[in-house]
Q: 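A single structure is presented below for examination.
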Number of protein chains: 2
Amino acid sequence: MPKQPLLPRKKPRQARAAVTVETILEAAARVLSDKSLDGFNTNRVAEVAGVSVGSIYQYFPNKAALVAALIGRAQDSLADAVERSLQRSQGQRLDRVLSGLIDVAIEHQFGNAVLAAALDHEEQRLPLGDMLSATQHRIAKAVQRAFEKHPELGNTTVTATTTIDCFTIAKALIESEATREKPDLAALRKRALRALQGYLLQPATKTLPRKRTRTDIQPSQDSP
Amino acid sequence: MPKQPLLPRKKPRQARAAVTVETILEAAARVLSDKSLDGFNTNRVAEVAGVSVGSIYQYFPNKAALVAALIGRAQDSLADAVERSLQRSQGQRLDRVLSGLIDVAIEHQFGNAVLAAALDHEEQRLPLGDMLSATQHRIAKAVQRAFEKHPELGNTTVTATTTIDCFTIAKALIESEATREKPDLAALRKRALRALQGYLLQPATKTLPRKRTRTDIQPSQDSP
DNA sequence: ACCTGAACACCGTTCAAGT
DNA sequence: ACCTGAACACCGTTCAAGT
């Protein structure tokens with residue numbers, strides 16, 4: 001069971017080394033875009049980058065760390081876009097705010113569809129834990145602030161979970177549309193907006209009396 | 001670029017061969033549960049099943065087809081559970097119907113968490129196309145019928161897309177909770193119900209006047 | 001400090017040989 | 001018809017040798 005480290009092995013100390021690292025990451029993004037996850041191998045990345053495979057392993061402990069670095073960059077750029085969008089829609093109606101965020105997420109996903117899909121996929125699989133949460137907290141905090149002070153949500157308490165759920169929901173709808181052969185972005189925007197508005201404006205459910213059934217289980221690791 | 005076939009190579013003709021196939025699939029599920037996707041390899045599956053690697057390739061064209069078969073079985077069992085749930089909640093309030101479906105989905109995900117997560121993951125990655133849609137249509141149709149005739153949704157038109165969106169949303173929330181270290185199933189139920197009720201009861205958005213921005217793009221395959 | 005590329009290990013897949 | 005397992009190919013990772 002390989003508990004793989006995902007952090008960069010070391011930082012380049014010389015200028016030409018920094019170029020090497022940058023070249024490697026660009027090549028990795030390129031290969032991932034062109035060939036998707038199958039066909040993404042270190043040999044090809046090295047070839048496209050014009051370096052030896054060994055050079056990759058001087059800065060990244062393994063292939064997963066290479067992908068993790070790309071995910072980190074994508075997250076950063078998403079966080080920037082979210083903050084810009086919230087700034088633009090400041091003081092506007094809730095549907096405007098939400099539409100802005102949805103547009104950002106759609107752009108993020110469809111701007112480079114193959115790459116984004118591959119990164120999303122690996123994001124779930126890799127134990128990114130803390131690496132991810134830094135930037136994601138930044139996003140969550142910004143959105144939560146915007147929600148909290150919004151008049152239309154005055155009566156609803158907006159928790160961190162609520163904010164994260166909004167992201168989860170929007171992301172799922174967008175990714176689902178992305179796998180379609182002919183995505184309809186206009187329709188997608190409406191559906192995502194409806195889902196988010198619905199979730200946010202729906203009063204949190206009063207505890208629903210529920211008969212206990214055999215689905216009242218705690219998570220376990222049974223064999224099939 | 002390997003356009004991999006995912007359908008079983010052939011059906012076993014003798015009884016002992018059927019046993020072999022069953023044994024292989026059970027071993028595959030076992031390995032996947034124990035070791036997750038890393039560490040899931042054909043050699044180990046063969047070893048656990050007590051057969052030679054060659055035997056696997058007599059019935060499955062490749063490793064992905066093995067996983068695809070497991071996905072198919074999981075989908076079938078989910079479809080059964082959905083239909084049973086809809087039958088139980090027939091004529092009840094909408095929140096009851098939705099809660100029943102949510103419980104089914106939660107049971108499906110948490111009953112064998114590692115296996116379910118691995119299968120979900122591969123479900124997105126593999127080009128399952130038609131293999132999936134058969135069972136998924138069965139589920140979607142059943143749910144859509146239940147929604148369409150439900151009094152509380154009388155004024156809302158329930159399209160196929162609406163139904164699928166509900167699944168997408170519920171699944172995303174459940175999977176997200178499944179990656180947590182200490183999942184809170186009771187809270188998850190409430191959040192999922194709120195999301196589904198919100199989406200279904202929220203009147204479909206009137207076309208929102210939107211300024212055109214540079215995010216009005218069509219999907220493309222640009223380089224980063 | 002950085003880079004190279006041959007060498008090794010692991011694993012997916014095949015195929016000649018068996019029953 | 002079914003099963004075996006050695007052999008091959010591909011790819012992740014390392015390391016001794018270079019600059």
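Values in this document were obtained by computation on a predicted structure and should not be read as measured data. Every chain is numbered from 1 and lettered A, B, ... according to where its sequence line falls, protein lines coming before strand lines.
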Q: When you look at Glu122(B) and Arg125(B), which way does the salt bridge (charged side-chain N to carboxylate O under 4.0 Å, His left out) test go after all the steps?
A: CA-CA 5 Å; Glu122(B) 291 298 277; Arg125(B) 201 178 62 83; 2.9 Å; yes

Q: Would you say the side chains of Thr159(A) and Thr162(A) form a donor-acceptor pair under 3.5 Å?
A: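 Side-chain D/A pair, Thr159(A) to Thr162(A): present.
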
Q: Across the strands shown, which category fits Gln14(B) at heavy-atom distances under 4.0 angstrom: base, sugar-phosphate, nothing?
A: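 Here Gln14(B) touches the backbone only, sparing every base.
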
Q: For Gln109(B) and Glu177(B), does a side-chain donor sit closer than 3.5 Å to a side-chain acceptor?
A: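 No.
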
Q: At 4.0 Å (heavy atoms only), tell me whether Tyr59(B) reaches a base, stays on the sugar-phosphate, or touches nothing.
A: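 Counting heavy atoms under 4.0 Å across all strands, the contact made by Tyr59(B) is with sugar-phosphate only.
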
Q: Would Asp80(B) and Arg138(B) count as a salt bridge (charged side-chain N to carboxylate O under 4.0 Å, His left out) here? Give the steps.
A: CA-CA 10 Å; Asp80(B) 290 345; Arg138(B) 181 179 146 213; 2.5 Å; yes

Q: State whether the side chain of Lys11(A) and the backbone N or O of Tyr59(A) hold a donor-acceptor pair below 3.5 Å, judged by distance alone.
A: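 Side chain of Lys11(A) to backbone of Tyr59(A): no pair is present.
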
Q: Taking Ser85(B) for its side chain and Ala81(B) for its backbone only, find out whether a donor-acceptor pair lies under 3.5 Å.
A: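 No: the side chain of Ser85(B) does not pair with the backbone of Ala81(B).
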
Q: Within the side chain of Ser36(B), is there an N or O that forms a donor-acceptor pair under 3.5 Å with the backbone of Leu32(B)?
A: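 Checked: no pair found.
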
Q: Can you tell me which stems DNA chain D forms when a stem means 3 or more consecutive Watson-Crick or G-U pairs under 3.5 Å?
A: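 Correct response: C:4-8 with D:12-16, C:12-16 with D:4-8.
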
Q: For Val51(A), which contact category applies under a 4.0 Å heavy-atom criterion: base, sugar-phosphate, or nothing?
A: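 Contact class for Val51(A): sugar-phosphate only.
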
Q: Cation-pi between Arg194(A) and Tyr199(B): NZ/CZ under 6.0 Å from ring centre and within 45° of the ring axis?
A: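 Here Arg194(A) passes the 6.0 Å and 45° test against Tyr199(B).
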
Q: Quick one: how far along DNA chain C does chain B reach, first to last nucleotide 5' to 3', anything under 4.0 Å to a heavy atom?
A: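 In short, chain B contacts DNA chain C from dC11(C) to dT14(C).
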
Q: Would you kindly compare Gly54(B) and Arg9(A) by the position of their nearest DNA chain D nucleotide and give the one closer to the 5′ end?
A: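 The answer here is Gly54(B).
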
